[in-house]
There are 2 protein chains.
Amino acid sequence: MSAPPRITSLDVARLAGVSQSAVSRVFTPGASVAPKTAAKVRAAAKTLGYRPNSLARAMITGKSRIIGLVVAYLENQFYPVAIEKLGHALQAQGYHVLLFMASNTEGEMERLVEDLLAYQVDGIITASVAISNDVTRRCSDAGIPLVMFNRGQPGSGLSSVTSANALGGRKVAQFLLAGGHRRIAHISGWQGASTGRDRARGLIEGLAEAGQQPHAIIDGMFDRDTAADAARTLMDGADPPDAIFVGNDHMAFAVMDALRAMGLDVPRDVSVVGYDDVPMAAWGAYRLTTVRQPLMRMVEATVETLLAQIDTPDRAAQSIEIDAPLIRRASARCPEGDTDAGL
Amino acid sequence: MSAPPRITSLDVARLAGVSQSAVSRVFTPGASVAPKTAAKVRAAAKTLGYRPNSLARAMITGKSRIIGLVVAYLENQFYPVAIEKLGHALQAQGYHVLLFMASNTEGEMERLVEDLLAYQVDGIITASVAISNDVTRRCSDAGIPLVMFNRGQPGSGLSSVTSANALGGRKVAQFLLAGGHRRIAHISGWQGASTGRDRARGLIEGLAEAGQQPHAIIDGMFDRDTAADAARTLMDGADPPDAIFVGNDHMAFAVMDALRAMGLDVPRDVSVVGYDDVPMAAWGAYRLTTVRQPLMRMVEATVETLLAQIDTPDRAAQSIEIDAPLIRRASARCPEGDTDAGL
DNA sequence: GCGGGATGTGCATACGTATGCATCCAAGAC
DNA sequence: GTCTTGGATGCATACGTATGCACATCCCGC
């Protein structure tokens with residue numbers, strides 16, 4: 001039942017009547033082995049139930065084929081779906097994902113980095129905006145390739161993959177203006193993160209191009225409660241907005257819930273636009289007009305960049321931005337006779 | 001920038017003027033080291049930036065301190081949140097999570113098991129209903145402790161942690177009957193999974209105790225589209241139900257969306273009850289009455305069981321069921337003057 | 001028939017750490 | 001003072017694999 005006898009390449013070698021090296025070569029793609037011996041070895045391996053020990057292999061080659069994936073709050077649906085795609089993409093490339101849950105406490109971050117290095121990960125993906133700058137810095141200082149997913153860190157010399165957040169913000173501005181909105185408020189993403197800042201900047205610039213400026217801006221901190229409070233504050237004011245651009249879908253749902261709880265109709269009383277296009281945005285309860293982050297393309301760019309950096313250590317870091325289209329649904333009033341061609 | 005010089009315990013030993021064994025002992029809790037040498041070693045380690053190599057350690061000890069976590073579709077919010085909690089709990093115990101995304105294709109399953117074994121994981125948690133039986137069997141055949149999270153496999157001799165699904169189904173039956181419903185339909189979870197079957201059985205038994213039987217039962221396959229279709233079929237029929245118990249929250253949201261799209265009001269026209277109590281169930285758009293799976297307790301039971309099995313290989317498997325309370329919200333008509341004391 | 005390249009195989013070693021064993025030293029008991 | 005005891009340390013080895021090197025073998029062309 002228990003006490004499984006460890007089967008090693010040596011056991012297989014003995015049974016097959018070859019050397020341990022031969023066994024190793026059979027399981028090493030591209031090694032030189034005669035078809036006949038390969039067959040013998042595979043047969044022996046099968047009868048014994050032998051599997052090459054990845055850890056031992058990692059010691060020799062210096063490559064663990066493990067990618068450290070650092071995430072935080074998974075309640076925002078964007079990240080679970082991203083993890084799923086990242087996991088599949090990496091598995092397809094023969095890599096595996098060691099998952100690290102990031103807490104916010106300083107001591108935890110310390111341990112996180114320790115563990116990341118201790119397991120000899122070949123590369124790191126940080127998939128959460130909430131990860132502090134010094135964590136990324138220390139990992140890359142240790143010489144481990146790192147890509148930030150859905151977050152940038154300007155001037156850090158670190159690779160990142162995001163959507164074109166500023167441009168996305170502009171698109172929202174243009175779309176809302178074209179829809180006749182004139183009091184456009186913004187419940188922003190956390191301003192400590194590039195993602196939050198860029199989207200806000202884009203909106204502001206987009207409005208400025210039309211000679212307008214935001215009706216109000218409140219930092220929603222990527223948090224549901226904070227965003228809902230912000231929405232109530234905005235609508236209770238003397239001069240409520242006629243549209244709210246929310247920094248991500250996760251908050252936008254909370255905002256819509258709060259607005260409806262106030263007896264307001266979306267979009268008749270106020271338009272709401274989100275950012276991300278998580279699956280839930282398409283669900284009947286919200287039908288959220290939002291900016292779509294092209295998840296598959298972001299994932300592909302992320303693993304491509306990371307693997308390239310692993311293969312070529314001295315490669316320069318790159319910051320990739322992927323265009324994010326606006327998806328019109330039912331939460332925002334649309335321009336008259338609007339078609340997709342407009343943007 | 002690149003080419004990070006690998007710092008080994010030997011480097012530290014040389015700098016500290018001690019043997020490599022001494023360095024090892026300093027980083028091995030419970031080993032016998034003089035405080036003075038420990039200080040020297042730690043100092044040397046710090047200046048060199050030394051971190052013990054977990055992989056090399058794993059080779060010697062035979063314990064990788066890695067847990068394989070197998071998951072599938074992360075769109076159902078229950079699993080991301082579970083992963084988050086599982087990850088934290090395991091990290092707190094000094095374990096780490098190697099994440100495996102399960103596909104459905106046969107070949108992928110094969111590779112999955114190979115990889116799981118190759119990385120010498122100390123234990124396995126399967127956190128998805130959709131994982132085929134032979135995967136779990138082959139892993140446990142290999143002598144690796146395994147716990148199924150949110151799924152049972154009766155008669156398999158494998159450990160599992162679930163909520164008391166059958167009892168939960170009964171609670172729903174009693175609650176709906178008390179609320180005056182008489183045509184209670186069920187859009188069940190996938191009947192290939194114990195979770196889906198037990199909840200359905202509980203409902204049926206609960207109704208039977210009152211001399212009733214289900215108005216209709218349709219397998220929703222844990223899938224949004226399938227569930228939505230089922231809801232439309234039910235309501236379009238000649239004799240529509242006055243209540244629908246849906247096999248999990250994920251489908252329940254789809255059902256509510258579908259019902260509303262048909263112009264029906266929940267709960268005035270029809271009551272809806274879910275199962276899981278994912279965070280979204282409390283959101284304003286749904287306010288779903290549902291059975292709460294006590295996630296923290298399930299997670300604690302899972303890691304406790306798994307670690308016990310790792311420490312004591314010959315330990316008997318156990319199937320743990322945790323009581324799941326019904327959470328009353330706004331999606332189902334409540335019994336007159338109902339209080340929580342009733343159930 | 002012989003030389004030479006190509007191909008396949010075994011030997012030995014290395015990766016970085018943990019640990020049994022022997023040794024050594026200091027402290028304490030008498 | 002010696003003997004004992006126990007803690008601290010070093011030496012050597014083992015974990016399971018990959019790979020450079022040397023060598024054996026084979027085949028082909030001349």
Side-chain angles (χ1 to χ4, degrees), chain A residues 4-42 44-45 48-66 94 114-115 117-122 142, chain B residues 4-42 44-45 48-66 94 114-115 117-122 142:
Chain A
R6 297 269 187 206
I7 309 292
T8 78
S9 59
L10 202 56
D11 299 322
V12 178
R14 275 194 278 263
L15 178 58
V18 298
S19 75
Q20 179 267 330
S21 325
V23 178
S24 171
R25 283 187 249 264
V26 169
F27 289 94
T28 305
S32 159
V33 191
K36 208 188 93 187
T37 44
K40 277 194 304 185
V41 168
R42 288 191 195 284
L48 292 180
Y50 167 75
R51 306 294 148 210
N53 184 326
S54 298
L55 272 49
R57 172 177 301 190
M59 281 206 54
I60 297 293
T61 61
K63 308 254 133 233
S64 62
R65 299 198 76 82
I66 294 179
E114 303 287 306
D115 293 351
L117 303 184
Y119 274 94
Q120 313 289 108
V121 298
D122 289 344
Chain B
R6 296 270 188 206
I7 308 293
T8 78
S9 58
L10 202 56
D11 299 323
V12 178
R14 275 196 278 263
L15 179 58
V18 297
S19 74
Q20 179 267 330
S21 326
V23 177
S24 171
R25 283 187 250 265
V26 169
F27 288 95
T28 305
S32 160
V33 191
K36 209 188 94 188
T37 45
K40 274 195 304 185
V41 169
R42 288 188 195 285
L48 291 182
Y50 167 74
R51 302 295 146 210
N53 183 327
S54 298
L55 272 50
R57 171 177 302 190
M59 282 205 54
I60 298 293
T61 61
K63 309 251 133 236
S64 63
R65 299 198 76 82
I66 294 179
E114 302 287 304
D115 293 352
L117 303 184
Y119 274 95
Q120 313 289 107
V121 298
D122 289 344

Next item on the list: Indicate for each nucleotide in nucleotides 12-20 of chain D, in 5' to 3' sequence, whether protein heavy atoms under 4.0 Å reach the base (B), only the sugar-phosphate (S), or nothing (-).
Entry: B-BBBBBBB
So, taking the atom named [atom1] in [X] and the one named [atom2] in [Y], what distance separates them when rounded to the nearest 0.5 Å?
X: B:Leu15; Y: B:Tyr50; atom1: CG; atom2: OH; value: 13.0 Å
X: B:Leu117; Y: A:Ser54; atom1: CG; atom2: OG; value: 10.0 Å
X: B:Thr8; Y: B:Arg14; atom1: OG1; atom2: CZ; value: 6.5 Å

Notebook entry, point to check: Between the two end axes of the helix from C:dG1-D:dC30 to C:dC30-D:dG1, each built from 5 base pairs, what angle do you get to the nearest 10°?
Noted result: 40°
Next item on the list: Calculate the interatomic distance between B:Lys36 atom NZ and C:dC25 atom P; express it in whole Å.
Entry: 14 Å
Item checked: Shortest non-hydrogen contact between B:Ile7 and B:Leu48, atoms and distance -> CG1-O, 3.6 Å
Checklist line | Heavy-atom check, side chain of A:Tyr119 versus side chain of B:Leu55, under 4.5 Å | finding: yes
Check: Side chains of B:Thr37 and B:Val26: does their closest heavy-atom pair fall under 4.5 Å?
Finding: no
Name each donor-acceptor pair under 3.5 Å that joins a side chain in residues 57-65 of chain A to protein atoms two or more places apart or in another chain, with its distance.
unit_1	atom_1	unit_2	atom_2	d
A:Thr61	OG1	A:Arg57	O	3.0
A:Thr61	OG1	A:Lys63	N	3.2
A:Thr61	OG1	A:Lys63	O	3.3
A:Ser64	OG	A:Ile66	N	3.2
A:Ser64	OG	A:Gln120	O	2.7
A:Ser64	OG	A:Asp122	OD1	3.4
A:Arg65	NE	A:Gly94	O	3.1
A:Arg65	NH2	A:Gln93	O	3.0

Checklist line | Presence of B:Ser32 side-chain N/O under 4.0 Å of D:dG7 phosphate oxygens OP1/OP2 | finding: no
Check: Would you find a donor on one side and an acceptor on the other, under 3.5 Å apart, between the side chain of A:Ser19 and the backbone of A:Ala22?
Finding: yes
